[in-house]
Structure formats: C-alpha cells, structure tokens
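Counting starts at 1 for both ligands and their atoms, following the listed order. Since we're looking at a predicted model, the values are computed, not measured.
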Amino acid sequence: MARELFVNPSCWRVNFNYYFPRPRFSPLISPPRHAPSSISSRFSASLAMDDSKAGSIKEMPLGLDTTMEEEYASQSKLLQEFTSIYNIDKAWIFKSEDGTGSQAMFLLSQANILANTRRKFIVSSYISNESKSSVNFRWTPFPIEMAGVSTIVPSPCGSKLLVIRNPENESPSKFEIWGPSQLEKEFHIPQSVHGSVYADGWFEGVSWNFDETLIAYVAEEPSPSKPTFNDLGYKKGGSTEKDCSSWKGQGEWEEDWGETYAGKRQPALFVININSGEVQAVKGIEKSLSVGQVVWAPSTKGAHQYLVFVGWSYDTRKLGIKYCYNRPCALYAVRAPLYESETKGLELKDSSTEDVPVFNLTQQITSAFFPRFSPDGKFLVFLSARSSVDSGAHSATDSLHRIDWPTDVKLWPSAKIVDVIPVVMCAEDGCLPGLYCSSFLSNPWLSDGCTMIIPSIWGSSQVILSVNVLSGEVLRISPADSNFSWNVLTLDGDNIVAVSSSPVDVPQIKYGYIVEEATKAAAWSWLDVSSAIFKCSEKVISLLSSLQFSVMKIPVKDVSDSLTKGASKPFEAIFVSSHCKESDACNPLIVVLHGGPHSVSISSFSKSLAFLSSIGYNLLIVNYRGSLGFGEEALQSLPGKIGSQDVSDVLTAIDHVIDKRLASPSKIAVLGGSHGGFLTTHLIGQAPNKFVAAAVRNPVCNLALMVGTTDIPDWCYVEVCGSEGKDNFTEAPPAELLTLFYSKSPISHLSKVKTPTIFLLGAQDLRVPVSNGLQYARALREKGVEVKVIVFPNDVHAIERPQSDFESFLNIGVWFSKYCK
Ligand SMILES: CC(=O)N[C@@H](C)C(=O)N[C@@H](C)C(=O)O
C-alpha cells in the first residue's frame, strides 16, 4: 500500500472499468437485430469463402461471426492505440549538488500486448525554477526500459539506488545497489533464505536506514520442508537435495491471503547489510503474524535500532485481503537484527526489553497502517480503517492518527493515540467528506515537518490534501474549481510534482507551489509541465477533444425518515458525452457500474472508458450510495440493502439523464465487474425492458454459491445482512441463510431476463469464482437469451493481463455494436 503511484488500474479502492463500443467513424456492418450470436462454423466458412483465396476455406475464429468481423477489425485497430497509452506510476526527486535545481526520475509503464506483460521504463528530467511562478523541466531524450525489475528504491539522501529483481522460478532474488555511474554491489539471495520480495502494494515495504547501510524489506518466508518418499516409503529427516530416486509430497495445506496471493508464502521481515550482503530474518515476530510496510524507527545513538511494521493476524482462517481493509491490523515495533559493524560503541541501553522484543503500538484501535515518522522523529502518523474493521464493510471512511513518539522504548506500547482526522459521518456541502486514501508517499512531509501531502477521494474525484498533523487543519490544495482527478507523485522540497487527468484528458504532470501572499483557500498554484514524452497519438488526441464530461448530483428517490442524513443526500454520476448540437439525437448510453461495492469510479483518465466514449457512446458512470468519497453515513447505508438500494440508485440516475434528454430510453446498455456485475445482472432481471445489451466481468450472480467458494465469504454476510452479518459469520451457513442469499441474488430474477449478455470470466478468480458467472450464463442460454462467454484461463479477478484486457473489451465493444443501435 505504500506506493507512490498514480492511480493504477489495479489500485483496489478506485474502480476502473474497461469497455469499448462501436466505432463512430467506421463503416458499420449492421447485423440483423437478433442474429444468432454464434452462427455455425459451416455457415461462417461458406460466407468467408467469397473473399478468400481460391482453394482455401477461411475459418472464423472461435465465437466470432462473419457479420461482425469488420467491426471487430476496426475496433481492434483503435483499441491498440488506446492500449498503448502510458501510465505515470511513480516519481522521485534528487536535489542537485549545487542546490540550484533538482533531478526528477519518473517510472512509466505501458502494455506490451505481444509479450502479455507491462513494460516499465524510466524518464528523467532536470527541474529548474526560474522564478517562483515558473518551472522548467529539461528531459533526457529517451526513456530507459527497466526489464525484469520488481521495484526500485532510492536511498534517503539519493546517492544510491536499490534495484530488486524477483526470481521467476526457484532462482535467487537479486539486489543491486547502484551509484551515480555504476553498479556498486550485487547480491543474490537464495530461496533457502527467502522467496520473492513483496512488491504488491499491500504487504510491500522496503526501507533504508538513516546511515544507508541497512535495508529492511518484506519477502516470502522460505518454503517449509515437505515429506520425502523413496522406494522404501517415507524418508525420515527428508532431504533438501534434488535426487531422482525420491519424490516430494505436499505436506499440510497452508492458508494464503486469497485473491492474487494464491500460493504466496507468509510475508516476513528481513534486513540486508549492503556492505557485507548478509541477510538476517527479523526475530521475535509471532509465526501467525503476516507483516508488511516496514519503516525504521528514529534511532538513538548507542542504542538498538528498531523497525516499525504493520502486522495482520487472523483467527482460524486467512480471509481474502485484496480490496479488504476490514482485516484487523496493528503497528508493531521490533528490534532490528544486529550486524557486527553496527554493534561498535553500542551501549544496549534498552537491554531490559530482552524478553519482549515485539511491541504492539496500536492496541487501542482495530486497524493501523501506512506508518510514517515525522522528519524530526518526534511523532509517528498512521492511517486507520477502523470503521471498516468494526463494521465489516470491506472498505469505508479512514481516519488519521498520531503517536507522540517516546524516546524511552518502555513507553511505546502505552503511548497515546491522538486523532488527527476522525471518521466523517456526514459532511456539510463543500467540506471534507472524510479520508479515503490508498497510498501515502514514503516521504509526504513539507519542510515545516508537520504538514503531510496526501491524496484522497472527495466525491467523484481524487484530490490532494495538505494535513497539519499537529493542528488537524486539512486543506484541499488541488484546484477545487475543476472536476479533474489529481494524485501526488513526489515532493520537490515544498513543491509538489503531481499528475492530473479526467475521463477525456490523458494524464499530465503538474507542478504545485505555495503562493505566499494568497488567501488560505487559494494558497497553491499549479503549473503545466509539458513534454513530448507524455504525448499520445494524434488520433487519440483528436477523438478526445470532441468529448466533454461533467459530474452530476442525483437526488435520492424515496427519502424516508429511516435514512440517515448522509444517506439522504444526492449521490453522484460522471457523465461523458461528445459535443453535440441541440438537434442531434443522443448517442447510445452505457451505464458503467463499479464493484466493491465500497469502491468508487473517479474522474481520472481510463483508457478503456475513453475509448468507449470517443467512438460514439455516452457514459453514465454511477457512484451509487455505498461508494467511497461521500462520508460514512452514505457508505454504511448500503450493507443489508444490496440488490435494492444500489439498483434503485442506478435506475434513478438513468431516469435523471433521460429526463434531461441526454439519453434515449431505447439505446441503453449496462456493464460492470464483480459487484458491478451483480448490479448489471440485477438490472437486466429487475428492469428487463430497459437494457438492449449487457456486459459483465466476473459478476456476482448467486450469493448462495459464492459464499461457499469465495475467499471472502464474510463479504456475503455483511452485504446481505448489514453489520450484524459480521457477528453471525460462519463457514457453514444455515439453510435459511442460503435461501436469503439466493433471494438477494440476480439469479432469483433470471426468468425475466431478455437482454443479450456477454460474460468475461477469469478462471483463476478466487474472489468471485468462475462458477458464479458460468452458472448464470448457462441458465440464460437454457432459456434462450443471447449469451457469449469468454473464459481467460490464467486470469484472476481483475482480468488485467494485457491480452485478456484487450480481448475482453474488444468483445464488449463488438457486443454492444451488435445490439445497441
Ligand atoms: C471486496 C470485493 O472484492 N468485492 C467484490 C465482490 C468486488 O466487487 N470487487 C471489486 C473490488 C472489483 O471491482 O472487482
């Protein structure tokens, strides 16, 4: 979680949907409205023969009919252009030695469709501030590819760069230490010491100590030994050697953290000495604790060095952790291992703690993560998802806290936790709706030592906040007069390098500085940073320039006294459309629904949504009540009411745009993934005449089936039964509960469905296993509804591997072209 990232498609609190529609510019081949979705291959072949070379019979690819082939080809061409747009993932600043400017390093990434991976590359720039209000970025001419790199972490003073390369198989992890002009050291850490270094954005943590000699990090524990057998049966004592006369059994199955962690071993703490290359496992941490996000505690001369880390514990089972902030966690302090070179002159002042080497620092609160020490080491600030843990909702409103860091180790466990920003239940209009953070910079501090710069969701946008952690003052410092989304990449002293985008504007770098004399509300000014590096194709630019977006406020229907104030306030939807003349008929509308349900669609650039809108669809991206960014009361109004309140909000949003003549009632399609797929399939069942086509990615269709197969069965309880579902959760749900789960599921409305629906399913999805989508798709087909199913054998819940992502949205686009005229 400790990533300095621009919003990343895999970022779990912000939802991105990728869908592609009919090209406006391509000659449309109109299929018969109810053409069978799978014309027999004999028929396809005979049609194809006309334009094939004599003698050979052209076979249509599986699942593609001849009537749509042109469409498929033209959409795929444009889709390639959108797919190749870069992401701006991270940045670092290095102060120049003469103090006149700074050097910036940006980490960008781009899909490499052919290799089915993402290419990572670095671009650098020299930053000079000619005056307070102007900045000049001088870029190196070409990016440098970072092939095979898992993560890079500069040292605090910027003189060294750690590059970690994780093994692809059983080979060692590689640690490289680079100086300004050369590789200074390289260490290979064998699997017997530890497995892959975690670079997952959740357990991930790599931290240099203050004198840049030691690096603490999180890696997979070494593999436990497994029973060995040979021709005499079980071989006592086992064997580490690989020999051809024996074989290994499996031993007992070990729980992992579910979705995206299948087969990953326990995350554990290690420290490497970069002078000797010696690696030590950090001792004293309970076996049951999974660790992550490690940082060095401020050091006291002559005393032991300590590490602060996040620990996740569990009861009888590890429930899925991806997208789930409701897993209890705490901050712990542990003594760092001693290295010979470090012990010289050590007085071991705190040797009295010998028996208690690990302290829980946050016992008073159910969740604590993203630990950050202030630059002077006087306080420790952290984020908490206690609302999420306490209510059982998988994500909710965060709170920010401070511990005034005692110099005496013995006082650490009893140190008071101070609330800096509490959970906001229901904000007044224009005020902070609450904190919703999915990343903190590793160094988020301005030079006053007490102001942090953090990104957070505010309604349907991501904004940048400055937070004074002593006074609790919070300011929205990214421009409040635009609906763009912003993220912090890094700080350049007291200036901010940020990235800003919108549904119709590709990400652009911005440089923010404080305008001293201005009023508080307008204290920050933002400069554009232009570069040829951050340009995309002319075609994309021209298509995007014909689009516009707005954020709509949609009043809640049927407000009753039983609703909290926060749940009675308007929710939001992002509307994306092309500039059109009054007389123009509306483009077809695609209703886009995020998952979670406690996630949010923000107003940032999404390649797939931009593609979709740029070729002739209007989008209605609905942040129904329960989404992040609108206060805790609105969010908590949904658990217990899924399939009704959220469905009603989406229908209200659709009516809203129809009433405003922004959508034609006969040209509406709907798409969503996961809980968004739950909503999509509910909508086509509950409002069977409303939608001409639907597309779902790993949809939740049958909660009674999901509860026994998902990595988060507790989610089904909480979302169906509300908070009390958390207390009643059991692995063996009683029959009455299974009946309730079924009745709250889209499958219970299946008999009414008429809408042609395409299913994109990841066979390795542990969150909403493929059986959910398959059962529903087969049941629809059984009753004669048009259905197309694509299963990606190696994809998990997110279906984000480049080729799968591409094929998914190409097929969604073509599906909509076929049915959504
Ligand atoms: C908590 C969670 O994973 N819920 C799923 C049902 C879901 O909707 N997932 C979201 C995050 C998604 O968009 O995939």
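- At least one N/O-N/O distance between His797 and ligand 1 falls below 3.5 Å.
- Asn483 and Ser461 share no donor-acceptor pair across their side chains, judged by distance under 3.5 Å alone.
- Between Tyr323 and ligand 1, no N or O atom pair is found at a separation short of 3.5 Å.
- Residue-level proximity to ligand 1 for Phe678 is absent, since no heavy atom of it falls below 4.0 angstrom.
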(message) Between Phe203 and Trp312, does the ring pair (Phe, Tyr, Trp, His ring centres under 6.0 Å) criterion hold? Intermediate values first, please.
(response) CA-CA 9 Å; Phe203 295 113; Trp312 288 266; 5.0 Å; yes

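- The shortest N/O to N/O separation between Lys322 and ligand 1 does not fall below 3.5 Å.
- Close approach of ligand 1 to His394 is summarised as follows: ligand atoms under 4.0 Å from at least one heavy atom of the residue are 1 (C).
- Relative to the ring axis of Tyr198, Lys264 places its NZ or CZ within 45° and under 6.0 Å from the centre.
- If you check the side chains of Tyr261 and Asp200, you find a donor sitting under 3.5 Å from an acceptor.
- Shown are Leu750, Thr755, Val789; of these, the side chain to side chain contact (heavy atoms under 4.5 Å, CB included) with Leu780 is made only by Leu750.
- Every heavy atom of Ser599 sits 4.0 Å or more from the atoms of ligand 1.
- Salt bridge annotation for Arg327-Asp714: present, with a cationic side-chain nitrogen under 4.0 angstrom from a carboxylate oxygen.
- The N/O atoms of Val700, backbone and side chain alike, include none that comes under 3.5 Å of an N/O atom in ligand 1.
- Residue contact check: His675 has heavy atoms under 4.0 Å from atoms 7 (C), 8 (O) of ligand 1.
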